[in-house]
Amino acid sequence: MPEAAFDWLDQHAEQRHRAGLTRTLRARPRPQDDSVLDLAGNDYLGLTRDPRVTQAAADAALRWGSGATGSRLVSGTTALHTELETELAALCGAEAALVFSSGYTANLAAVTALTGPETLIASDANNHASLIDGCRLSKAHTAIVPHAAPEVLSTLLAEHRERAIAVTESVFSVDGDAAPLAEIAAVCRDGGAGLVVDDAHGLGVLGDGGSGAVAAAGLAGAPDVVITVTLSKALGSQGGAVLGPARVIQHLVENARTFIFDTGLAPASVGAALAALQILRGEPQRPARVRNVAHALAHQLAQAGLRATTPDAAVVSVRAPSPESAVRWAAQCHADGVAVGCFRPPSVPDGISRLRLTARADLTEGQMETAVRVIAENAPAS
């Protein structure tokens with residue numbers, strides 16, 4: 001029968017179900033006025049619903065249209081796009097920037113366009129899926145380096161003579177720990193390698209004025225460092241960007257397939273990101289506030305007897321005994337009014353399930369107390 005072509009899907013679904021790894025969309029889509037306290041999203045600076053940001057998005061759509069209408073090289077570049085690229089480069093201390101339709105496509109572009117079959121990629125074991133996919137698509141020789149281990153990277157680079165880049169996140173998305181960027185950059189320079197840093201969780205949270213983890217490490221404007229960011233976390237919008245030396249950005253314009261063949265970022269998202277950058281510039285206390293909230297959450301969770309990580313930025317994770325218990329725990333928290341992230345294999349590199357909490361600069365003391373109480377009361381027995 002024709003439907004037999006996909007019978008193997010049923011077997012895979014059954015295997016995931018038995019392992020407690022079935023993924024589902026929320027049974028009820030998030031409503032417009034959701035009363036649930038959100039610690040699951042990535043709205044670090046609390047700007048997604050800021051009236052200044054949403055108004056800027058609406059104004060951009062009214063002026064430029066609902067979509068970019070084409071790829072950036074054809075009709076998809078507006079004055080807003082170039083303004084955003086200038087503002088991002090200025091914030092992060094980079095020579096130039098290039099805006100993409102998502103952080104995922106920005107990572108794919110940076111990794112694939114700067115490598116090839118003759119290149120060695122040294123990729124951190126805990127890197128995000130977008131970086132991993134970039135390594136796979138590049139057809140380069142990829143070596144997986146143990147997590148945050150510059151000494152291993154040094155040995156690897158010393159043993160290879162081909163062109164090389166190291167690829168790492170600045171702040172890792174599962175546990176929220178920061179990479180030793182200054183040490184990694186020094187090792188790369190000694191080995192003649194470039195460095196690509198995904199600063200998705202550092203932009204707007206770390207560095208002077210939210211300039212990011214790369215700037216905080218003293219690497220802003222470095223000629224051998226390339227930065228990727230997303231606009232969908234601290235900046236409360238959508239999209240991504242690659243920042244770095246002007247010659248790198250020009251190379252991406254001419255070679256990055258996810259730039260050349262993808263429709264440009266919608267004007268509304270560009271306008272929203274620009275407004276968020278302006279707010280960040282005018283309210284420089286926001287990055288410090290979100291870091292303080294993250295530390296307070298981690299401290300209170302630990303006092304409640306839970307195994308919470310010490311955050312280097314805005315992400316706090318709490319370990320769960322099993323994938324099934326993590327799913328139940330998150331669901332019970334949501335039923336009691338607190339939304340938390342639930343990370344399970346294969347999304348976690350160490351195979352350990354956990355809840356992931358993301359701090360927000362606009363959380364009140366009362367909201368933090370409520371969140372900790374709900375999470376602790378619903379914690380499974382270890």
Side-chain angles (χ1 to χ4, degrees), residues 29-34 38 41-94 96-106 109 199-205 207 209-212 227-243 249 253 258-259 262-287 289-290 314 358 360-363:
R30 179 164 61 90
Q32 176 183 347
D33 298 316
D34 196 351
D38 181 21
N42 296 309
D43 187 17
Y44 295 145
L45 300 183
L47 295 178
T48 298
R49 290 183 177 272
D50 188 293
R52 295 167 291 183
V53 174
T54 56
Q55 186 62 56
D59 291 344
L62 289 171
R63 181 177 181 184
W64 296 99
S66 59
T69 76
S71 70
R72 291 287 309 276
L73 290 172
V74 180
S75 59
T77 296
T78 69
L80 279 180
H81 288 82
T82 56
E83 183 182 356
L84 177 57
E85 288 163 347
T86 299
E87 292 290 330
L88 282 170
L91 174 66
C92 300
L98 192 64
V99 167
F100 288 74
S101 62
S102 71
Y104 210 108
T105 56
D199 205 13
H201 298 276
L203 180 70
V205 177
S211 54
I227 309 165
T228 66
V229 298
T230 179
L231 313 178
S232 60
K233 294 180 172 58
L235 299 184
S237 182
Q238 188 78 20
V242 180
L243 303 93
I249 299 306
V253 170
T258 55
F259 179 82
D262 191 21
T263 297
L265 184 63
S269 295
V270 181
L274 269 170
L277 284 172
Q278 292 162 2
I279 293 170
L280 182 57
R281 190 183 304 115
E283 301 175 12
Q285 73 279 4
R286 283 182 182 255
R289 171 60 183 168
V290 72
T358 49
R360 296 204 323 263
D362 59 341
L363 286 181

Non-hydrogen atoms of [X] and [Y] that approach each other most closely:
X: A106; Y: G240; value: CB-C, 4.3 Å
X: L231; Y: A273; value: CD1-CB, 4.1 Å
X: L265; Y: S101; value: CD1-O, 3.8 Å
X: G271; Y: A60; value: CA-CB, 4.1 Å
X: L203; Y: C92; value: CD1-SG, 3.7 Å
X: T258; Y: A109; value: OG1-CB, 3.3 Å

Output yes when a side-chain donor or acceptor of [X] lies under 3.5 Å from a complementary backbone atom of [Y], and no otherwise.
X: R360; Y: D38; result: yes
X: R72; Y: V99; result: yes
X: S232; Y: Q238; result: no
X: S237; Y: S269; result: yes
X: T230; Y: G239; result: yes
X: D43; Y: T48; result: yes
X: E87; Y: L274; result: no

Checklist entry - So does R52 have more than 12 non-hydrogen atoms from other groups sitting under 6.0 Å from CZ? => result yes
Item to check | Test side-chain contact (heavy atoms from CB on, under 4.5 Å) applied to D362 and V290, step by step | outcome: CA-CA 8 Å; D362 59 341; V290 72; over 6 Å; no
Item to check | Donor-acceptor pair between N42 and T358 side chains, under 3.5 angstrom | outcome: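 Distance-only check fails for N42 and T358.
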Next on the checklist: Please determine whether side-chain contact (heavy atoms from CB on, under 4.5 Å) holds for the pair L84 and T78, giving the CA-CA distance in whole Å, both sets of side-chain angles, and the decisive distance to 0.1 Å.
Outcome noted: CA-CA 10 Å; L84 177 57; T78 69; over 6 Å; no
Next on the checklist: Students often mix this up, so state it plainly: with edges at 30° and 60°, are the rings of F100 and F259 parallel, tilted or perpendicular?
Outcome noted: perpendicular
Item to check | Verdict with supporting geometry, Q55 and D59, side-chain contact (heavy atoms from CB on, under 4.5 Å) | outcome: CA-CA 6 Å; Q55 186 62 56; D59 291 344; 2.8 Å; yes
Checklist entry - Is the shortest distance from a Lys or Arg side-chain nitrogen in E283 or R289 to a carboxylate oxygen in the other one below 4.0 Å? => result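 Result for this pair is no, no salt bridge flagged.
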Checklist entry - Between L47 and I279, is a side-chain contact (heavy atoms from CB on, under 4.5 Å) present by the stated rule, with each step listed? => result CA-CA 9 Å; L47 295 178; I279 293 170; 3.9 Å; yes
